[in-house]
Amino acid sequence: MCGVVGIVGAQAVNQDLYNALTVMQHRGQDAAGIVTWSEQDGLAQRKSNGLVRDVFRSRHMMRLAGHVGIGHVRYPTAGGSKSSEAQPFYVNSPYGICLAHNGNLTNFDELAELLIDKDRRHLSTNSDSEVLLNVFAHELQRVVDGYPTADNIFDAVAAVHRRCTGGYAVVAMIIGFGIVAFRDPNGIRPLVLGQRKSKSRKEYMVASESVALDALQFKRVRDVSPGECVYIENSGAIHSRAFGGETRHTPCIFEYVYFARPDSILDDLSVYKARLRMGEQLAGKIVRDFPDHDIDVVIPIPDTSRTAALQVAYHLGVKYREGFIKNRYIGRTFIMPGQAERAQSVRRKLNAISLEFRKKNVLLVDDSIVRGTTSQQIIKLAREAGARKVYFASAAPPVRHPNVYGIDMPAASELIANGRTVEEIQELIGADRLIYQDLHGLIRSVRHGNSAIREFDTSCFSGEYVTGDVTQEYLHELELRRNDAAKQSRHQKESRASNVVAL
């Protein structure tokens, strides 16, 4: 999962891009990058591994001149953690194009082979974002004659949709002309369009979440539709075209469960309201499955589950308490690269308030249970703090299947719910009782505010992949390439290579 932003402003956009990436830091903590363009100074870029605040210093910001630019925060799904895979990526033909991407291409291998063998393009990384950039550049070069028109760009993006499958939200900058933003035909990954009025003209912004627009005082105009392409010229003129092929609006439901900030609105749905309703649905499930419960207190696992936990406590008629204090200088545990690192980080990240646990039957509420490492460690913390009984509830259903559209759940063997019953999971994480949300309850919670959305991508819960091209052979190959052991092996190779260069 990553965060993207693009701005066409009336004045310098470097600080706005920086602020937008900071607001979306929760979407990726591995790397960050910004590219800007000005007529006087041309193209300027800064990208590297690390948090936004660490990647960009004053000297970098001063060089990022211009009223047009794009930015990206990343955590690695495909590819590795090398700084060479930080985005945006750049190709010099045609015109020079920079691109940042959130998502994952499911036909990456096929596309990479065709780009090299047929389109005669060079790839320097293992990132599907570089593949996507080269597909777009190749298709634009095929249709353009001279200066690119809006129709040229729309035709090129339509060709990208025909060639690429998976989930993707893209911002690209065509040097000297403007910014292009588009979304996959299934609308899996989010992309929001905003507008701000300056003294001289209207300014436009696209971003992964509406909260980035809010922070910069851009008014949220609408979501980019599935398959739609938006082209914003450097002059501020804006054009858009719907995709002429088949589209299907199936936004990723895990955005609402975990990834997006609660103050964001995605596809006209409030993330905060969705999480409130998740708590209501979960409370109903607890009442049905555990009618004679002896819960003394409901405690959330900070931060994502607070909204749902508050509703659970209210509907159960029991106390709500903050039992864990979070160290805010530790990254999000889910997106840490490696099981060992995730396990070690829990105790550095959370500390229990013993008074809220001692001699009580505690219900811990979390947004989801993916690998189970965090849940197991947190339950252990609760018992050490003196809890008599520890019950555990998940606001999402069991995560039993890999996610292939840009969320780092590629290996079924690493998902604690894969091939196990609820009772077996309960025993593994050490809970006295485990309650999961039902899938239909989760869907009802999210789509309540927008009946126009008929379905969601629920593949990690249901095993149903909306793009229709995900086979068992593909999932097996993906697991071999992207499980924790494979990532660790790549990390060691990268470290050795870095040491050799240093020597």
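Treat the numbers as computed from the prediction; the structure is a model and nothing was measured.
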inquiry  = Please identify which of these residues, K389, R383, R388, Q426, meets the side chain to side chain donor-acceptor pair (under 3.5 Å) condition with D432.
reply    = R383
Checking the side chain of [X] only, and the main-chain atoms of [Y] only, is there a donor and an acceptor separated by less than 3.5 Å?
X: N102; Y: C2; answer: yes
X: H72; Y: H101; answer: yes
X: N104; Y: G406; answer: no

Residues, nucleotides or ligands: over 12 heavy atoms within 6.0 Å of [X] [atom1]:
X: K273; atom1: NZ; result: no
X: H315; atom1: NE2; result: yes
X: E427; atom1: CD; result: no
X: Y474; atom1: OH; result: yes
X: R53; atom1: CZ; result: no

Inspect the contact between [Y] and [X] and indicate whether a charged nitrogen and a carboxylate oxygen are less than 4.0 angstrom apart.
X: R261; Y: D303; answer: no
X: R248; Y: E455; answer: yes
X: R306; Y: D366; answer: no
X: E228; Y: R222; answer: yes
X: R74; Y: D30; answer: yes
X: R196; Y: D16; answer: yes

remark   = Residue pairs meeting ring-ring contact (aromatic ring centres under 6.0 Å, His included), one or both in residues 269-308, sequence neighbours left out, come to F290-Y391
request  = Going by the side chain to side chain contact (heavy atoms under 4.5 Å, CB included) test, name the single residue among V4, I407, L266 that passes it with R189.
outcome  =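 Of all the options given, the one that passes is I407.
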request  = Give me the one residue out of P251, C252, S459 that meets side chain to side chain contact (heavy atoms under 4.5 Å, CB included) with I188.
outcome  = C252
message = Taking the side chain as everything from C-beta on, heavy atoms only, tell me whether I34 gets closer than 4.5 Å to R46.
response = no
request  = Please determine, by modelled atom types, if E85 and S127 share a side-chain donor-acceptor pair under 3.5 angstrom.
outcome  =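 Per modelled atom types, E85 and S127 side chains form no pair under 3.5 Å.
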query = For residues T106 and D469, is any side-chain donor paired with an opposing acceptor at under 3.5 Å?
reply =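 Present: a donor and an acceptor within the cut-off.
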